[in-house]
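Taking it in order: structure first as structure tokens, then the write-up.
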Amino acid sequence: MKRFLKFALIISAFVLSLALAGCGDISIDGGITAENTVSLKYTLAFNDLDRDSDNYTELKDYLDELKDNWEDMDFESKLVKEDNSLILECTMSQECESREQAFEALYGFMTNEISVFDNVEYSYVQGFYQEDYTISGKIDISDIVDSSITSKYPAHIMSSIDEFYKNSTFEISFSLPYNDSDTTGEVVQKAFSKEVSFDNQTEFEFTGIIKNFENAEHERQINSEKADYEKKILISAIASAVLLIALLVIIILKVKKGKKQKEEGEEPVKLTAEEKAQKKEEAKAAKAKAKEEKAKAKEEGEEPVKLTAEEKAQKKEEAKAAKAKAKEEKAKAKEEANAAKAKAKEEKAKAEAEAEKAKAEAEKAAAEEKTEE
């Protein structure tokens, strides 16, 4: 490729030397589409030509020949004739199944034996969250007109070649897939470009990223569900702990209450069979009376008396007072029962002592009577 590119520039400058009005634009356009189609296109555009000049015809014939040479090297080539311009376009392309294969193919285009690029390097790393790529290299056409060429042509021709360079441009540009947070996840084409110097070595490096928002969103969702699950587990654990503590408190309170009652020596009041029967008869009589009063009220068409809030409060206070009085009487009865029990125990002990004493006296009297006999 370098051989053909150099030859094109030198010959075009030579045939344009008489006109001195010509200029040229050289461009190399590469790219990878979102569908993983790879392309590399070389364009030689010569402008401001005099179509009536023999030089124009010679230049066109040469570009036709160059077009045929590129086609033999598997390029798709065409020569466009527009007004006072001649444009030669030569393109090489390839469809790939994956983006990784596409970058590998582009690297192959840039490093084959007909490439104008030198020291080409590329890196393509496909990760879970994003793809990173870098393409770098250099182009050096500073020696396009070396001493072997300058020695063959007169000074005024070489001056025309220098003038041609001054009025011409050389640019490389690449369109590569790219996205970030600003593209809302859609893969777009990002343009990279670099102007090539005719006098010095030109280095370039193009870097980009392609984020995988679907994988990132999927992991975010998984983490969110995991966090929700862990939160539910934590809440359940806290609830279980609270319930356990509540049960322990209840058990402790019951144990303390039982212990206190045992220490105070309180025993439930036990009713005799006669007292139980009396209570039962009283409850039965109260129930019969209530039933009788209800039937009487029904016959007379009476409705249940509805108490006011004040009367309800009064009733409540009376019930409370009655309950307190009953408790007090119960405590008093218990106290009296305990006292009676103690007194009975004391009298029992006294009786036993007197019985022992009487027995002893009887035995003594019997012994004395036996002695007298």
Side-chain angles (χ1 to χ4, degrees), residues 1-10 24-45 63 65-78 87-127 130-146 165 168-178 187 189-210:
M1 181 65 189
K2 294 180 181 179
R3 179 168 57 87
F4 289 110
L5 182 60
K6 290 181 180 181
F7 193 54
L9 292 174
I10 295 170
D25 295 311
I26 306 170
S27 64
I28 302 175
D29 300 285
I32 298 175
T33 67
E35 294 76 25
N36 300 320
T37 298
V38 185
S39 64
L40 191 64
K41 182 175 74 172
Y42 296 88
T43 303
L44 301 177
L63 292 177
E65 182 180 353
L66 190 58
K67 170 179 170 294
D68 294 337
N69 288 330
W70 268 337
E71 287 177 347
D72 292 339
M73 293 182 290
D74 298 326
F75 280 86
E76 295 179 5
S77 303
K78 65 177 180 179
I87 304 173
L88 176 61
E89 295 179 351
C90 303
T91 306
M92 181 177 286
S93 62
Q94 179 181 334
E95 293 183 358
C96 300
E97 295 182 358
S98 67
R99 191 169 289 126
E100 184 175 7
Q101 291 181 0
F103 275 96
E104 182 68 26
L106 181 61
Y107 174 75
F109 286 176
M110 298 175 68
T111 55
N112 59 28
E113 60 183 4
I114 57 175
S115 173
V116 71
F117 297 100
D118 291 321
N119 297 339
V120 177
E121 294 181 357
Y122 95 103
S123 171
Y124 174 79
V125 180
Q126 183 175 13
Q130 69 182 41
E131 303 164 49
D132 299 87
Y133 62 82
T134 300
I135 299 176
S136 63
K138 68 177 183 179
I139 297 177
D140 188 358
I141 57 172
S142 59
D143 62 343
I144 192 170
V145 181
D146 54 27
Y165 292 159
S168 301
T169 62
F170 187 176
E171 186 179 63
I172 58 173
S173 62
F174 284 81
S175 177
L176 300 172
Y178 177 85
V187 178
Q189 296 300 118
K190 183 175 182 179
F192 301 89
S193 62
K194 182 80 172 182
E195 186 176 348
V196 179
S197 170
F198 285 100
D199 300 321
N200 300 296
Q201 174 180 289
T202 302
E203 296 182 351
F204 63 90
E205 181 176 281
F206 306 138
T207 302
I209 61 172
I210 307 169

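Hydrogens, waters and symmetry mates are skipped; everything else that's a heavy atom, side chains included, is used.
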Can you give me the closest heavy-atom contact between E97 and Q101, atom names plus distance? N-OE1, 3.3 Å
Checking side-chain contact (heavy atoms from CB on, under 4.5 Å) for the pair N112/M73: CA distance, chi angles, key distance, verdict? CA-CA 11 Å; N112 59 28; M73 293 182 290; over 6 Å; no
What is the distance from atom CD of E89 to atom OG of S27, rounded to the nearest 0.5 Å? 8.0 Å
Return the CD to CD distance between E35 and E95, rounded to the nearest 0.5 Å. 9.5 Å
Using 30° and 60° as the class limits, which term best fits the ring planes of Y42 and W70: parallel, tilted or perpendicular? parallel
In terms of heavy-atom contacts, R99 and N36 come closest through CA-OD1, 3.3 Å
Would you give the length of the straight line joining atom CD1 of I28 to atom CZ of F170, rounded to the nearest 0.5 angstrom? 4.0 Å
Rounded at 0.5 Å granularity, tell me how far CG in L88 sits from OG1 in T43. 8.0 Å
Locate the shortest heavy-atom distance separating K138 from F204; write the atom from each residue and the value. N-CE2, 3.5 Å
Kindly assign one of parallel, tilted or perpendicular to the pair Y133 and F103, based on the angle between their ring planes and the thresholds 30° and 60°. tilted
So with a 6.0 Å cut-off around CD of E171, is the heavy-atom count from everything else above 12? yes
Using every non-hydrogen atom in the two residues, find where C96 and A102 come nearest and quote the distance to one decimal. SG-CA, 3.7 Å
Hey, what do you get for CD1 (I32) to CG (L40), rounding to the nearest 0.5 Å? 11.0 Å
Does atom CD (E195) have a neighbourhood of more than 12 heavy atoms from anything else shown, all under 6.0 Å? no
Distance flag, aromatic centroids of F206 and Y178, threshold under 6.0 Å: no
Do S175 and K190 have side-chain heavy atoms sitting under 4.5 Å apart? no
From L44 CG over to C90 SG, what is the distance, rounded to the nearest 0.5 angstrom? 7.0 Å
Donor-acceptor pair, T134 side chain versus S123 backbone, under 3.5 Å? no
Closest non-hydrogen atoms of A105 and V38, given as atom of the first, atom of the second and distance, are CB-CG2, 4.1 Å
Give the C-alpha distance, both sets of side-chain angles, the deciding distance and a yes or no for side-chain hydrogen bond (donor to acceptor under 3.5 Å, both in side chains) between S77 and E71. CA-CA 6 Å; S77 303; E71 287 177 347; 4.7 Å; no
Report, as yes or no, whether the 6.0 Å neighbourhood of atom CD on E121 holds more than 12 heavy atoms from other residues, nucleotides or ligands. no
A quick test of your reading: do over 12 heavy atoms of other residues, nucleotides or ligands sit less than 6.0 Å from CD of E100? no
Closest non-hydrogen atoms of M110 and F117, given as atom of the first, atom of the second and distance, are O-CB, 3.6 Å
Please find out if less than 6.0 Å separates the ring center of Y124 from that of Y122. no
Under the side-chain contact (heavy atoms from CB on, under 4.5 Å) criterion, do I135 and L176 qualify, and how do the steps go? CA-CA 10 Å; I135 299 176; L176 300 172; 4.1 Å; yes
